[in-house]
Amino acid sequence: MQSFTEENYLKIIYHLSLNTESPVQTNAIAERIQTKAASVTDMIKKLADKQLVDYKKYQGVKLTDSGKASAINIVRRHRLWEVFLVEKLNFKWDEVHDIAEELEHIKSPELIERLDEFLAFPKNDPHGDPIPDKNGKLDNTIFIKLSKLKTGDKGLIMGVSEHSSLFLQHLEKLGLTLGKQIKITEITDFDGSVELNVENKQINVSREVAKHILIKI
């Protein structure tokens with residue numbers, strides 16, 4: 001059994017390692033959780049003693065197979081709870097992250113399997129992130145950043161890579177929510193801003209916003 005803090009560390013290491021084969025640096029973990037690198041090192045050593053991570057001084061940390069399985073299970077619980085909060089309790093997609101951060105630490109496997117069944121086995125959370133199945137497998141569908149599309153391209157909004165409340169509220173205000181059909185009508189060379197047609201409505205978003213919206217062509 002891991003403590004809340006240990007679970008949070010495993011999840012953070014998992015997320016930081018998704019786009020790299022290199023070990024995760026302790027400074028990156030410290031920055032993510034806003035604590036001192038020395039405190040991170042102490043916790044990493046505890047996780048290493050439990051064989052949840054491989055750690056080498058000055059080289060960084062990697063999840064072991066058991067550590068990765070634990071991290072994916074935490075992610076699964078978090079994303080299922082987000083679906084529940086949005087679909088069954090009518091929370092908005094910008095309101096659920098912090099609540100799910102607390103609920104994800106409920107460890108009852110039977111509860112999570114019943115929750116998954118109750119929700120009809122969802123594949124994605126309210127932000128479009130894939131939900132691991134009970135065996136830890138993830139949907140490998142690859143989405144394209146809106147900022148990478150060209151004029152005339154069409155697609156569906158399938159997710160976001162930025163989960164802050166302010167960002168999600170901004171998208172909600174613009175009407176750029178999951179499942180919306182979009183078409184690129186113009187890209188400004190000067191600043192990379194993108195003009196979209198969404199349900200016969202013209203919307204302009206900055207390049208910074210566009211790079212966090214994930215599209216299925």
Side-chain angles (χ1 to χ4, degrees), residues 11-25 27-34 60 63 71-72 74-76 78-80 82-83 85-87 91-98 100-101 122-132 137-217:
K11 187 174 67 170
I12 288 167
I13 295 168
Y14 171 75
H15 285 308
L16 290 173
S17 67
L18 283 177
N19 298 316
T20 179
E21 294 294 324
S22 302
V24 175
Q25 300 302 308
N27 285 338
I29 302 170
E31 183 179 349
R32 178 67 71 93
I33 59 178
Q34 298 182 329
L63 294 171
I72 289 174
I74 298 161
V75 169
R76 169 174 162 75
H78 181 100
R79 292 177 180 173
L80 283 172
E82 286 195 336
V83 175
L85 291 167
V86 168
E87 291 191 359
F91 281 88
K92 293 183 179 179
W93 67 340
D94 60 285
E95 298 175 326
V96 296
H97 178 74
D98 289 345
E101 284 281 295
K123 299 296 183 184
N124 299 87
D125 74 9
H127 311 108
D129 293 317
I131 300 173
K137 293 182 180 180
L138 281 161
D139 184 352
N140 291 323
T141 303
I142 297 175
F143 302 132
I144 301 172
K145 293 179 180 180
L146 179 60
S147 59
K148 297 291 185 182
L149 299 183
K150 298 176 181 178
T151 301
D153 285 347
K154 298 178 181 179
L156 286 174
I157 298 176
M158 298 300 292
V160 294
S161 58
E162 166 62 58
H163 293 171
S164 70
S165 293
L166 288 176
F167 181 73
L168 296 174
Q169 288 166 10
H170 180 61
L171 294 189
E172 188 89 29
K173 186 176 180 180
L174 292 173
L176 297 175
T177 50
L178 299 190
K180 289 291 180 70
Q181 178 83 41
I182 63 98
K183 179 180 179 180
I184 309 296
T185 56
E186 185 178 352
I187 299 172
T188 304
D189 292 334
F190 173 67
D191 60 2
S193 60
V194 181
E195 187 172 277
L196 313 169
N197 183 286
V198 185
E199 296 181 346
N200 297 317
K201 184 174 161 187
Q202 293 299 116
I203 296 171
N204 191 278
V205 297
S206 69
R207 185 179 184 280
E208 184 66 23
V209 168
K211 75 180 186 180
H212 290 298
I213 300 174
L214 304 178
I215 303 296
K216 179 181 179 182
I217 300 298

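For the numbers below, each heavy atom of this structure counts, side chains included, while hydrogens, waters and symmetry mates do not.
- Minimum heavy-atom separation, Lys180 to Val198: CB-CG1, 4.2 Å.
- The NE2 atom of His170 sits 14.5 Å away from atom OG of Ser165, with the distance rounded to the nearest 0.5 Å.
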Original post:
Passes side chain to side chain contact (heavy atoms under 4.5 Å, CB included), Leu176 versus Ile203? Steps please.
Top reply: CA-CA 9 Å; Leu176 297 175; Ile203 296 171; 4.2 Å; yes
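- Between Lys183 and Glu199 there is no salt bridge, since none of the side-chain N atoms of the basic residue sits less than 4.0 Å from a carboxylate O of the acidic one.
- The two residues Ala100 and Leu85 come nearest to each other via the heavy atoms N-CD1, 4.2 Å.
- Nearest heavy atoms, Met158 versus Leu178: C-CD2, 3.7 Å.
- The shortest heavy-atom contact between Pro130 and Leu138 is O-CD2, 3.6 Å.
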Subject >> side chain to side chain contact (heavy atoms under 4.5 Å, CB included) between Ile215 and Lys145, intermediate numbers included >> reply: CA-CA 6 Å; Ile215 303 296; Lys145 293 179 180 180; over 6 Å; no
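- Asp129 and His163 share a donor-acceptor pair across their side chains, judged by distance under 3.5 Å alone.
- Looking at Thr20, its side chain never comes within 3.5 Å of a backbone N or O of Ser17 through a donor-acceptor pair.
- The nearest pair of heavy atoms linking Pro122 to Leu80 is CG-CD2, 3.8 Å.
- The aromatic rings of His212 and Phe167 stand perpendicular to each other, their planes meeting at an angle above 60°, with 30° marking the opposite boundary.
- Remark: the backbone N or O of Trp93 is paired with a side-chain donor or acceptor of His127 at under 3.5 angstrom.
- The two atoms that bring Val86 and Pro126 nearest to each other are CG2-CG, 3.5 Å, heavy atoms only.
- The neighbour count for Glu172 CD, taken as heavy atoms of other residues, nucleotides or ligands under 6.0 Å away, is above 12.
- Between the side chains of Thr185 and Gln202, at least one donor-acceptor pair of N or O atoms lies under 3.5 Å.
- Glu95 contributes a side-chain N or O that, together with a main-chain N or O of Lys92, makes up a donor-acceptor pair within less than 3.5 Å.
- Looking at Ser206, its side chain never comes within 3.5 Å of a backbone N or O of Ser193 through a donor-acceptor pair.
- When the shell of 6.0 Å around CD1 of Ile142 is examined, it contains 12 or fewer heavy atoms from other residues, nucleotides or ligands.
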**OP:** Using the side chain to side chain contact (heavy atoms under 4.5 Å, CB included) rule, take Ile29 and Val24 through it: C-alpha gap first, then chi angles, then the decisive distance, then the call.
**Re:** CA-CA 8 Å; Ile29 302 170; Val24 175; 3.7 Å; yes
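- Within the 3.5 Å criterion, the main-chain N or O of Asp125 finds no donor-acceptor partner in the side chain of Arg79.
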